[in-house]
Amino acid sequence: MGQIFTHCPAMVNFDISLFCCALGLAFAMEGALWAAFPEGMRRAMTEMAHAPSFLLRACGLAALALGLGLVALGRL
């Protein structure tokens, strides 16, 4: 699989297995929340639909920073 990314030096060491595990974990966590708290998740989604864009963007950027920080911490 690594031969596909030989034209891009940053992607030569891309671990597709690790990527799939991380993506699967994200889906599992999301699914667990929906399975355990369907009404709470529905309420949260409704509230988010009515939230101002700047608030959603700020929360998204905070989640992005937290996620990147956790990845960096895990790579130590």
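Quick note: numbers below take in every heavy atom, side chains included, and nothing from hydrogens, waters or symmetry partners. All of these numbers come straight from a predicted model, not from anything done at the bench.
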Spatial distance of atom [atom1] ([X]) from atom [atom2] ([Y]) [nearest 0.5 Å]:
X: L23; Y: F27; atom1: CG; atom2: CZ; result: 5.0 Å
X: L61; Y: L66; atom1: CG; atom2: CG; result: 12.5 Å
X: W34; Y: M45; atom1: CH2; atom2: CE; result: 5.0 Å
X: L55; Y: M48; atom1: CG; atom2: CE; result: 9.0 Å

Inset, instruction - Show the numbers, then the answer: is there a side chain to side chain contact (heavy atoms under 4.5 Å, CB included) between R42 and E47? - result: CA-CA 9 Å; R42 185 180 317 220; E47 289 177 19; over 6 Å; no
Inset, instruction - Could you pull out the closest heavy-atom pair between R75 and L18, with the gap in Å? - result: NH1-CD2, 4.5 Å
